[in-house]
Structure formats: structure tokens, C-alpha cells
Amino acid sequence: MSIKNSMSIINRNIKVALLQFYTGSDKQANLQKVREFAAKALAKEPALDLLVLPECFNSPYAVDQFKNYSEPIPSGETTKFLSDLAREYNVNIIGGSFPELGSDNKIYNTSLTFDKRGEIVAKHRKAHLFDIDIPGKITFKESISLAPGDKATVFQLDNLCKIGLGICYDIRFPELAMIAARQGAGIMCYPGAFNTVTGPKFWTKFAVARAIDNQVYILMCSPARNVEGGGYQAYGHSMVVDPNGDVLVEAGHGEEIVYCELKPEVLDEARKNIPITLQRRFDIYHDVSKDAVAKAI
Ligand SMILES: NC(=O)CCC(=O)C(=O)O
């Protein structure tokens with residue numbers, strides 16, 4: 001069997017920066033924080049291809065607040081803000097997520113991706129809502145105020161590569177990454193806000209698992225932990241994991257920008273050395289990527 005199908009999943013080196021910053025209750029301040037961090041990242045690395053923002057970057061991560069901060073897409077101010085920022089800085093942006101007011105009047109946890117021209121190239125609504133109850137430790141129920149998305153999201157970014165998107169808890173469901181990888185993605189990106197209970201136990205393990213299972217780069221971008229602000233405590237630890245499961249860069253829990261260069265040859269070599277992409281047994285089990293609806297917008 002030839003391995004040429006697995007070559008050049010990524011077209012060239014891709015420079016990414018994950019922006020890990022505090023988010024609070026002041027939406028304007030949160031947007032200004034994005035601008036400040038984007039400017040800082042591009043001042044340090046002018047040739048950046050991609051900025052990634054955290055989950056719920058313009059609002060508190062709280063079920064009783066999502067509605068108050070929700071905006072229609074594309075007419076809301078956060079969509080316009082991110083579009084202008086991408087165009088102004090000539091950079092692609094995976095815009096973390098923010099509460100979307102859908103045309104059906106439901107609220108979604110939604111991630112938009114913008115190309116350098118400021119066009120929306122992908123929209124992912126968190127498909128698996130974070131509903132958990134660990135007695136005495138953490139209870140959170142997104143489904144009190146959010147509705148789930150209904151599709152996997154895979155898209156072509158510029159001439160760089162295909163990318164799959166999930167949001168935080170979505171990472172616990174391996175299917176989204178499998179679908180993306182089977183459909184040609186070389187990167188799976190998860191804006192996410194794990195917490196101080198589940199973060200230490202699971203965050204890195206999931207990033208590594210999704211990377212190795214699918215031989216893709218994994219980008220995880222978290223808000224910084226706001227120890228003084230009360231409320232939900234994000235884990236932080238934004239990271240990039242390579243297709244072999246090696247953690248290339250990892251933030252602490254404070255405000256930080258992590259930079260990384262994704263290399264086509266690392267991905268190609270991982271797939272060449274261990275050719276699981278060519279050894280699947282769809283005569284034994286189902287290929288989930290075949291029945292997934294994955295539209296860009
Ligand atoms: N924002 C989220 O979806 C949190 C997910 C999480 O913490 C987990 O353990 O899963």
C-alpha cells in the first residue's frame with residue numbers, strides 16, 4: 001500500500017500562538033484583552049499564521065450569564081471585532097468561543113474561525129455540553145442555559161491545512177477528532193476551559209490521546225485562572241501536542257502566550273513510521289467520518 005496519501009497534510013510550517021488571558025464580567029475589557037494579546041503576539045512573532053483564543057473569552061463561564069452575553073452571528077459585536085482584528089493584523093484567528101444567540105432563540109457555545117481577510121471560514125457549536133456532578137468538588141450543567149450543536153466541523157484554513165474544531169468537553173468524545181483526521185485534517189483545535197478539579201487529572205491526557213489516536217497536532221487554548229475573581233476557576237495550561245503525543249509547549253495557569261511552529265515533516269514522519277492511517281479495519285468497525293455532516297459554516 002502506498003503512503004503518499006498521508007503526505008503533506010500540512011502544506012508548510014505553521015506558526016501558532018495560543019492566547020491565555022483572564023476573562024471577567026466586563027465584555028469590553030475582555031475584547032480589549034484580546035486586542036492587547038494579539039498585538040503582543042504579533043510584535044514578538046510578526047510571521048504568525050494563526051492566533052487561538054480560549055473558550056468563552058468574552059464572558060464569564062457561568063450558566064446564569066451565557067444569555068446576558070449572547071450575540072447573534074454574524075451581526076453581533078464580537079464577530080465584527082474578531083473579523084476586524086484578523087483583517088487588521090493579517091492573521092488567521094480561531095476565535096475561542098462565546099455565547100451565540102441563535103435565530104431559533106437558543107443559546108449556543110460557539111467558535112468562529114476567521115481568515116486573514118476577516119471572513120468567517122468555520123463555525124462550530126459545542127456539540128457535547130459540559131454536564132457533570134462530582135459530589136463535593138464540582139457541579140456544572142451547561143444544558144441549563146445552552147443548546148448543543150449538531151455537527152462536526154472540519155475546514156480548510158487558507159492554503160495551510162485542514163483543521164478540525166471542538167470546544168472543551170468535546171475533547172472527551174474521540175469521534176470529532178477521528179472525523180476531522182479521516183477527512184484530512186492535520187490539526188485539531190480545542191478552545192477549552194477545564195477547571196482545577198478535572199484539569200490536573202485529564203487535560204493533558206486528552207490532548208495526548210487525541211493526538212496519538214489520530215496522528216494530528218492538537219491545540220488547546222484555555223483562559224488564565226482568575227484566582228482573585230471567584231467563580232469558575234479555569235485550569236490554564238494551554239498547550240500544543242504533536243502527532244506523536246509529545247507536549248511541545250505548555251503554559252502555566254496565569255496570563256501567557258505560548259508559541260509553537262507546526263512542521264509538516266513531523267506529521268508525515270509520524271504517519272509513515274506507524275502507518276495506522278492505512279491499516280484501519282472498516283470491515284470490522286464503522287468509519288464514523290462517513291456519516292458525519294461536516295460543513296464549514
Ligand atoms: N468547559 C468545559 O467544557 C469543561 C470541561 C471539563 O472541565 C472536563 O473535565 O471535561
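Whatever order the structure lists them in is the order used to number ligands and atoms, beginning at 1.
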Undergrad: Report the distance from atom CG of N11 to atom CG of N159, rounding to the nearest 0.5 Å.
TA: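 One gets 6.0 Å once the value is rounded to the nearest 0.5 Å.
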Undergrad: For ligand 1, which atoms sit closer than 4.0 Å to a heavy atom of R172?
TA: 8 (C), 9 (O), 10 (O)
Undergrad: In ligand 1, which numbered atoms sit nearer than 4.0 Å to a non-hydrogen atom of T198?
TA: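 It comes down to these atoms of ligand 1: 6 (C), 7 (O), 8 (C), 9 (O).
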Undergrad: Have a look at ligand 1 and work out which part of Y61, if any, has a heavy atom under 4.0 Å from it: side chain, backbone, both or neither.
TA: side chain
Undergrad: Can you confirm whether the side chains of Q233 and T196 place a donor and an acceptor under 3.5 Å from each other?
TA: no
Undergrad: For the pair N92 (side chain) and K116 (backbone), establish whether a donor and an acceptor sit closer than 3.5 Å, ignoring hydrogens and angles.
TA: yes
Undergrad: Under the criterion ring pair (Phe, Tyr, Trp, His ring centres under 6.0 Å), which of F130, F194, Y190 is the partner of Y169?
TA: F130
Undergrad: Report, as yes or no, whether the 6.0 Å neighbourhood of atom CD1 on I276 holds more than 12 heavy atoms from other residues, nucleotides or ligands.
TA: yes
Undergrad: Please confirm whether G192 approaches ligand 1 to less than 4.0 Å, judged on its heavy atoms.
TA: no
Undergrad: Is K263 close to E269 at the side-chain level, that is, under 4.5 Å between some pair of heavy atoms?
TA: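 They are not in contact (no side-chain heavy atoms under 4.5 Å apart), so the answer is no.
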Undergrad: Any idea which protein heavy atom is nearest atom 6 (C) of ligand 1, and the distance to it?
TA: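 The closest one turns out to be F130 CE1, 3.4 Å.
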Undergrad: Output the list of atoms in ligand 1 that are nearer than 4.0 Å to some heavy atom of Y232, sorted by atom number.
TA: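 This gives 4 (C), 7 (O) as the contact atoms.
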Undergrad: Test K126 against every option in P148, P191, S97, C168 by the side chain to side chain contact (heavy atoms under 4.5 Å, CB included) rule and name the one that passes.
TA: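 Of the listed residues P148, P191, S97, C168, the side chain to side chain contact (heavy atoms under 4.5 Å, CB included) partner of K126 is C168.
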Undergrad: Return the closest protein heavy atom for atom 4 (C) of ligand 1 as residue, atom name and distance.
TA: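 The answer is C168 SG, 3.2 Å.
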Undergrad: May I ask you to identify, for F194, whether its side chain, its backbone, both or neither come under 4.0 Å of ligand 1 on a heavy-atom basis?
TA: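 For F194, the contact with ligand 1 is made by both the backbone and the side chain.
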Undergrad: For residues F155 and K123, determine if any side-chain heavy atom of one lies less than 4.5 Å from a side-chain heavy atom of the other.
TA: no
Undergrad: With a cut-off of 4.0 Å, which atoms of ligand 1 are near a heavy atom of E55?
TA: 1 (N), 2 (C)
Undergrad: State the atoms of ligand 1, each with its element, that fall below the 4.0 Å cut-off from a heavy-atom position in N195.
TA: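 Near N195, the atoms of ligand 1 are 7 (O).
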Undergrad: Taking only heavy atoms of K126, which atoms of ligand 1 are found under 4.0 Å from at least one of them?
TA: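 Close to K126: 1 (N), 2 (C), 3 (O).
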